[in-house]
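Reviewing the structure listed below.
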Amino acid sequence: MCFLCFVVKKKKANDHPFPYHHELELEISTLTNRGVGLGRVSLPDDATASWVVMVPFTLPGERVRARVFRNHKNYSEADLVSVLTPSPHRVQPRCPIFGTCGGCQYQHLAYAEQLLWKQRQVEELLQHMAGITHPVAPVIGSPREYGYRSKITPHFKIGKDGIGFLRQGTRFDIVDVPQCDIATPEINAKLTEVRTIAQARLAAGEYKRDATLLLRHALEGVVTDYDAVITEQVGDLKLRFLARDFFQNNPFILPAFTRYVREQAAASGARFLVDAYCGSGLFALSAASAFERVAGVEISETSIAFANQNAAANDIANASFLAGDASAIFAGLEFPAADTAVIIDPPRKGCDELFLNQLFAFGPRAVVYVSCDPATQMRDLRHFIEAGYELSAVQPFDLFPQTRHLECVITLRRRAN
């Protein structure tokens, strides 16, 4: 009997330009849109050439000592060893596991500076990805810098210790998180109980595979059941939806956020409004008072059912919602395009080609584009410009203090022929 054996060789680590764990000193010049400090150093074999080194948890203007752990084609990644010259904007992180847990990137940066850097990053994305120079309004900050997040989803792995979130710089390792400082106090009070129950069930062997827990703070209190129906209040609106469904996770900034979206859509002069990713009706219902009629479209029939219930419960008679087909989102819409504004709030990946083609074929007077990822938003912006729209406003909102994430709202108007 013959056995054919295959020997798999490990890919050799790239030691150019620096060997593994080589330590170096450098000055941090800027932050990337992922919240990582970026600096440049001279190459060992060519002092006239500079090389980019990325170091997380560092700030512009700081001189630091870092340890290289990976070389890429045109940059290296390094861990922070020590801060030699701190930034005047460096502050003491509130969380004891900041830098170990991958959830936050900016707890070491004063909040006012976080807002300035996020504004700058939107400006840079606008220029580099869309090829446009346009004023970016100052970032509207969260009323709460900590204790704002109304939903967390801790993870755990069978046979591994810890219930929490991904470890910084990894895709699979979990760091134990007994308390999350950006979550609401109510969630943290419940987290202790949820962790105790999960740990007991783990010890008893009740879990057969890795799992994700849910804690969602709503008017009913902190809910842990994915299928529970919960209520969120935004201004005068009360919106019901499933706990597992998507909904913005910073309720404290939502009144200002939704008001701005409504005002931008109404400022176009449109009489009608379409909310093309309406979910349970957040933007459509918060904007309904500014329009004659509002229509919400969503491919999730469950979300549409909640949106219609929410319209009735809030005595909003001029809004209707329908479950649309992804291939015919605007089919059956009776609003005249020239008198219609559209709100879109797509997933993080942005708009797909099919959706954009349908939107441009409909040709609304104005589009208010809400995004949780300005990079994909600016990518899509190029298509809007090519389709005959012009950018009129860029307004970032900081729904996620202490992290690199933010929401950005851009307003587009159809150019006159």
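Applying the salt bridge (charged side-chain N to carboxylate O under 4.0 Å, His left out) definition to pairs two or more places apart or across chains, those involving residues 82-94 are E62-R90.
At a threshold of 4.0 Å, the pair E124-R120 counts as salt-bridged, since one of the basic side-chain nitrogens sits closer than that to a carboxylate oxygen. Looking at K349 and D373, no side-chain N of the basic residue comes within less than 4.0 Å of a carboxylate O on the acidic one, giving no salt bridge. Between E390 and R413 there is no salt bridge, since none of the side-chain N atoms of the basic residue sits less than 4.0 Å from a carboxylate O of the acidic one.
Using modelled atom types, one finds no donor on one side chain facing an acceptor on the other under 3.5 Å when comparing Q248 with N250. Judged purely by distance below 3.5 Å, without hydrogens or angles, the side chains of W51 and S76 pair a donor atom with an acceptor atom. No donor-acceptor contact under 3.5 angstrom links the side chains of Q402 and E145, judged on distance only.
No side-chain heavy atom of Q377 sits less than 4.5 Å from a side-chain heavy atom of L381. No side-chain heavy atom of S82 sits less than 4.5 Å from a side-chain heavy atom of V64. Side-chain atoms of P60 and W117, non-hydrogen and from C-beta on, do get closer than 4.5 Å to each other. Side-chain contact check for V274 versus I343: every heavy-atom pair is 4.5 Å or farther apart.
Residues G296 and I304 share a closest heavy-atom pair of O-CD1, 4.3 Å. When all heavy atoms are compared, the tightest approach of A290 to R262 is CB-CG, 4.0 Å. Contact record, M378 with A130: O-CB, 3.7 Å, taken as the closest heavy-atom pair. Nearest heavy-atom pair across D398 and G141 is CB-CA, 4.2 Å.
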ask   = Are D79 and R67 close enough, and set up right, to give a salt bridge (Lys or Arg N to Asp or Glu O under 4.0 Å), and what steps lead you there?
value = CA-CA 5 Å; D79 291 320; R67 182 182 295 122; 5.7 Å; no
message = Evaluate F321 against L285 for side chain to side chain contact (heavy atoms under 4.5 Å, CB included), listing each step before the verdict.
response = CA-CA 10 Å; F321 298 89; L285 295 177; 3.7 Å; yes
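Remark: F355 engages Y277 in a ring pair (Phe, Tyr, Trp, His ring centres under 6.0 Å) (not counting sequence neighbours). Remark: E292 pairs with R271 by the side chain to side chain donor-acceptor pair (under 3.5 Å) rule, at least two apart or across chains. Not a single salt bridge (Lys or Arg N to Asp or Glu O under 4.0 Å) links R144 to another residue, sequence neighbours left out.
Between F257 and F397, a ring centre-to-centre spacing shorter than 6.0 Å is recorded. Separation of the Y148 and F252 ring centroids does not fall under the 6.0 Å cut-off. If you look at F98 and H108, their ring centroids are closer than 6.0 Å.
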Residues 33-41 side chain polar contacts: donor-acceptor under 3.5 Å, at least two apart:
none

Just list the side-chain donor-acceptor pairs under 3.5 Å for residues 230-246, sequence neighbours left out, or say none.
from, atom 1, to, atom 2, distance (Å)
T231, OG1, E220, OE2, 2.7
Q233, NE2, G235, O, 3.1
R244, NH1, D227, OD1, 2.0

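Below 30°, between 30° and 60°, or above 60°: for Y369 and F384 the angle between ring planes is between 30° and 60°, a tilted geometry.
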